[in-house]
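The structure under discussion appears below in the form of structure tokens.
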Protein chains: 2
Amino acid sequence: MDATNVLKERGLSVTSSRLQVYEALHGEALAFSHADLEQKFKRKKMDRITLYRVLNDFEEAGLVHKVIDPGGVAHFALCKDGCLHGHHHDHHAHFNCQRCHKMFCLDTDSQLSFKLPRGFKIAGLNTVIYGTCKTCSA
Amino acid sequence: MDATNVLKERGLSVTSSRLQVYEALHGEALAFSHADLEQKFKRKKMDRITLYRVLNDFEEAGLVHKVIDPGGVAHFALCKDGCLHGHHHDHHAHFNCQRCHKMFCLDTDSQLSFKLPRGFKIAGLNTVIYGTCKTCSA
DNA sequence: ACAAAGATACAACATTGTTGCGTTTAACAA
DNA sequence: TTGTTAAACGCAACAATGTTGTATCTTTGT
């Protein structure tokens with residue numbers, strides 16, 4: 001499906017900013033920070049605040065998921081198709097390289113098992129494994 | 001062991017700021033943000049930058065561990081005794097309440113199992129489960 | 001008690017993220 | 001296609017979090 005229809009399907013109006021951001025994230029195995037994305041857009045016109053709002057809108061629409069790196073910075077990646085129907089079930093882990101600072105989505109079957117104390121209700125999960133990636137370890 | 005000796009054992013010089021921060025964290029099941037701690041110290045004199053540096057020093061010394069909430073804010077809690085001997089093995093999960101914003105250390109046997117791609121080397125882990133805590137769910 | 005090393009406090013700054021508001025653009029219906 | 005309305009954009013201003021440099025003060029070890 002093309003970007004325009006993906007946006008429409010989520011009830012998002014189709015604007016050039018949103019198309020640009022979608023295209024930037026599409027097909028990537030990495031989650032990008034605001035700084036990363038601003039860098040990507042440096043030749044085109046892309047307002048910093050607009051970028052924040054586009055990413056927030058995308059997250060609320062279930063189009064992207066947000067993951068926080070150990071430095072407290074948000075990174076965004078497109079959700080897999082499975083998230084298309086309303087609720088995030090993106091509980092996959094992420095790997096953040098301490099050397100190149102890339103944030104990898106671990107699509108493999110990483111899974112968390114835990115005992116939550118009685119009365120605690122889970123809404124979601126943020127898991128970041130940090131270390132050195134393949135390239136930086138070599 | 002008293003605070004003074006804990007600091008000495010880690011090779012940290014004993015200062016009033018460090019003792020204050022240690023006492024503030026001691027015996028707590030919650031991880032506190034800088035803002036939380038500044039609030040605790042509002043009657044005493046505690047410089048904001050000094051607090052940052054004390055917490056950084058504590059973390060490097062393996063005395064506390066840091067966990068990032070979904071908003072990107074760092075929270076700190078004392079490590080269990082097991083961490084005393086040089087390397088963090090604080091891979092326990094944390095629970096962040098979306099309503100009262102408290103960060104709970106889940107000392108229970110929460111555990112992560114995942115397959116890391118070949119060549120990736122793990123150094124540590126940041127896991128935050130978010131939702132509503134017992135008090136806020138009632 | 002003294003010298004050296006380390007910690008503190010202040011200012012200045014960097015980065016990340018939010019809010020308000022006037023202007024522009026997209027959606028939809030006539 | 002055009003006009004109306006609602007939404008998105010872009011700018012300015014601001015807030016929170018965190019870092020760096022440096023002079024002063026405190027701790028440590030002799």
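Lettering follows sequence order; numbering is per chain, from 1. Every value quoted in this text rests on a predicted model; they were computed, and no experiment measured them.
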Value in whole Å for how far the P atom of D:dT28 lies from CG of B:Leu12: 11 Å

By nearest atom, which of the nucleotides D:dG10, D:dT19, C:dA27 is closest to the A:Val14 side chain? C:dA27

Drop me the distance from A:Asp69's CG to A:His101's NE2, to the nearest 0.5 angstrom. 8.0 Å

Under 3.5 Å, side chain of B:Arg99 to main-chain N/O of B:Thr132, donor-acceptor pair present? no

Interatomic distance, A:Glu38 CD vs D:dG10 P [rounded to whole Å]: 13 Å

Donor-acceptor pair (no angle test) under 3.5 Å: A:Arg53 side chain, C:dG17 base: no

Please round to the nearest 0.5 Å and tell me the distance separating atom SG of A:Cys133 and atom CE of A:Met103. 12.5 Å

May I have the distance from A:Phe32 (atom CZ) to C:dT16 (atom P), rounded to whole angstrom? 16 Å

Taken to the nearest whole Å, CG/A:Asp69 to C1'/C:dT16 is 11 Å

Sorted by position of nearest nucleotide on DNA chain D, 5' first, the leading residue of B:Ser16 and A:Thr50 is A:Thr50

Quick one: which protein N/O atoms are closer than 3.5 Å to N/O atoms of nucleotides 15-18 of chain D? Pair and distance per line, please.
| residue | atom | partner | partner atom | Å |
| --- | --- | --- | --- | --- |
| D:dG18 | OP1 | B:Ala74 | N | 3.2 |
| D:dG18 | OP2 | B:Tyr52 | OH | 3.4 |
| D:dG18 | N7 | B:Arg48 | NH1 | 3.0 |
| D:dG18 | O6 | B:Arg48 | NH2 | 2.9 |

Quick check, are the ring centers of B:His65 and B:His92 under 6.0 angstrom apart? yes

When the nearest nucleotide of DNA chain C is assigned to B:Ser17 and to B:Ile49 on a heavy-atom basis, which residue is associated with the more 5' position? B:Ser17

Would you give the length of the straight line joining atom CZ of B:Arg48 to atom CD of B:Glu38, rounded to the nearest 0.5 angstrom? 6.5 Å

Length of the CG-P vector between A:Asp57 and C:dA26, whole Å: 15 Å

Can a side chain N or O of A:Ser13 be found less than 4.0 Å away from OP1 or OP2 on D:dA7? no

Expressed in angstrom and rounded to an integer, what is the separation of A:Glu59 atom CD from C:dG17 atom P? 12 Å

Pair A:Glu28 + A:Lys40: basic N to acidic O under 4.0 Å: yes

Got a second to check how far B:Phe58's CZ is from B:Tyr22's OH, nearest 0.5 Å? 8.5 Å

If you go through the side-chain atoms of B:Arg18, does one of them form a donor-acceptor pair with the base of C:dG6 closer than 3.5 Å? no

Starting from P on C:dT25, measure out to CG on A:Asp47 and report it in whole angstrom. 14 Å

Closest listed nucleotide, where the reference is the side chain of B:Thr15 and the choices are D:dT20, D:dC9, C:dA7: C:dA7

Take atom CG of A:Asn56 and atom C1' of D:dC9, then tell me their distance rounded to the nearest Å. 15 Å

